[in-house]
Amino acid sequence: MNKYMFLLLAGIAAVLGGCSLAPKYVKPQAPVPATWPTGAAYKPAAAGTTNQPADIPWREFYIDAKLQKVIELALANNRDLRVAALTIEKTRAMYRIQRADLLPTVNAVGYGTRQQVFANIATFEESVQVEYYTVNVGFSSYELDLFGRLRSLKARALEQYLATEQARRSMQISLMAELAGVYLNLAADRERLRLAQDTLDSQEATYELIQRRFELGDASDLELRQAQTRVDSARVDIAKYTGQLALDENALNLLAGSPVPAELLPDELGTIDILKDVRAGMPSEVLQRRPDIRQAENQLKAANANIGAARAAFFPSIILTGSYGTMDDQLSGLFKGGSAVWGFTPQITLPIFDTGRNIANLDAAKADRDIYVAQYEKTIQTAFREAVDALAQRGTLLDQMEAQKSLVDATAASYWLSDVRYRNGIDSYLAVLDSQRSLYGAQQGLISLRLARLANLVTLYKVLGGG
């Protein structure tokens with residue numbers, strides 16, 4: 001009878017084992033426009049740019065050889081990225097554990113027993129010692145997954161594992177973008193420091209000239225003090241950018257996970273190979289390929305699968321325990337004829353009254369699913385905002401750079417003319433001072449815009465799912 005019952009239960013498990021009470025997953029609609037905004041601030045990528053960021057490997061985007069080597073250092077040594085990789089390994093192991101519950105765990109157990117049985121509690125005439133040995137092979141507490149509870153938990157664990165993989169990819173993209181940003185800032189600060197040093201050299205030469213003229217009575221004390229202010233101002237900037245360079249290098253070393261060799265550090269922005277421009281494509285194509293959005297969807301799918309496990313708790317559960325082995329009162333008698341023993345213990349549990357625990361668990365699972373829906377939609381909205389902000393900046397930065405270059409040329413010409421007029425006694429030194437200050441500010445502004453242009457390319461590559 002037990003054999004027939006076992007076969008019946010096995011048949012039921014085979015028929016119902018593939019069922020699941022989890023609701024059918026329906027991907028939420030993206031709560032963002034189907035196209036990018038248009039207007040004066042939004043301009044297309046440079047001519048010839050056809051690839052979308054997600055199709056461009058990072059080595060083809062970050063084409064500067066030194067920057068590539070620094071990124072390689074970070075990918076190998078950055079501790080945050082290492083933690084993300086180890087988290088994947090942990091979650092993968094948790095998934096394997098959950099998957100193993102679908103099959104019975106078979107163990108071999110051997111043990112011996114020796115005990116004293118007293119006559120007053122037994123039918124023996126005197127106290128005796130009872131001794132026997134047993135070797136069994138079997139399984140214990142194996143749950144037949146009739147209503148898909150274990151399968152739902154396995155599906156949840158799989159989606160959680162996939163989410164950690166997407167989290168690692170998202171972290172890697174962010175790490176490369178942050179590293180490139182610090183690298184570009186370092187290059188820009190070196191360029192600013194060089195400009196401040198050139199300005200100091202020029203202003204010291206001018207100060208020495210005015211000092212000689214002052215000693216000869218051809219320049220006033222006011223002109224001498226005005227020249228001194230420009231020298232001191234340049235010295236202040238040199239000290240400021242020297243300190244900023246140290247901070248940039250510290251930040252670069254932290255992101256790289258190890259000290260970056262001096263030969264890999266940039267000289268200035270002009271020495272960095274121009275990064276590749278990217279095409280935006282359509283929002284529906286681009287945003288769905290971002291790993292953080294995929295991560296949010298994996299988490300949503302995991303919450304959806306968890307509803308199936310909560311629903312299965314309302315139905316009966318069947319637990320099987322079985323073993324087959326041998327037992328004898330002598331160790332040498334094991335495995336001899338007539339020593340075989342077996343046992344089979346099916347157990348069925350039907351929830352009748354649990355004070356609303358299962359209903360509360362189901363409500364919590366549904367609420368959890370709704371939370372992840374909202375988080376998934378918020379992730380898409382945030383990604384869309386990041387993308388349109390970067391696209392708007394790209395559309396205006398080139399115009400700003402053209403205007404700034406023209407401003408530098410104009411202020412350079414103005415400075416030259418005012419200096420000539422001063423040397424010929426036509427204008428006061430105040431005009432030279434004002435022109436020089438304007439030229440220095442325009443040159444610094446051009447460096448900032450060139451940095452912003454390159455940083456914008458990095459941001460576009462990141463927010464559009466590149467790498």
Are [X] and [Y] close enough for a salt bridge, meaning some N to O gap below 4.0 Å?
X: Arg385; Y: Asp389; result: yes
X: Arg235; Y: Asp232; result: yes
X: Arg290; Y: Glu386; result: yes
X: Arg450; Y: Glu191; result: yes
X: Arg192; Y: Glu268; result: no
X: Asp145; Y: Lys154; result: no
X: Glu143; Y: Arg149; result: yes

Quiz item: Is there a side-chain contact between Val137 and Asn107, using heavy atoms and a 4.5 Å cut-off?
Solution: no

Quiz item: Tell me, which pairs form a side chain to side chain donor-acceptor pair (under 3.5 Å) where one or both residues lie in residues 370-383, sequence neighbours left out?
Solution: Gln288-Tyr376

Practice problem: May I ask you to check whether Tyr461 and Tyr62 place their ring centers less than 6.0 Å from one another? | Solution: yes

Is it the case that the side chains of [Y] and [X] hold a donor-acceptor pair, with the cut-off being a distance below 3.5 Å and no angle test?
X: Tyr440; Y: Gln436; value: no
X: Arg230; Y: Thr199; value: no
X: Glu249; Y: Asn253; value: no
X: Gln68; Y: Asp64; value: no
X: Arg156; Y: Asn306; value: yes

Exercise. Answer yes or no: are there more than 12 heavy-atom neighbours, outside Arg194 itself, under 6.0 Å from its atom CZ?
Key: yes

Practice problem: Just jot down the ring pair (Phe, Tyr, Trp, His ring centres under 6.0 Å) partners of Tyr25, sequence neighbours excluded, or say none. | Solution: none

Quiz item: Of all heavy-atom pairs between Val408 and Ala442, which one has the smallest distance, and what is that distance?
Solution: CG2-O, 3.5 Å

Exercise. Could you please spell out the steps behind the salt bridge (charged side-chain N to carboxylate O under 4.0 Å, His left out) verdict for Glu72 and Arg59?
Key: CA-CA 10 Å; Glu72 289 173 356; Arg59 293 180 184 276; 2.6 Å; yes

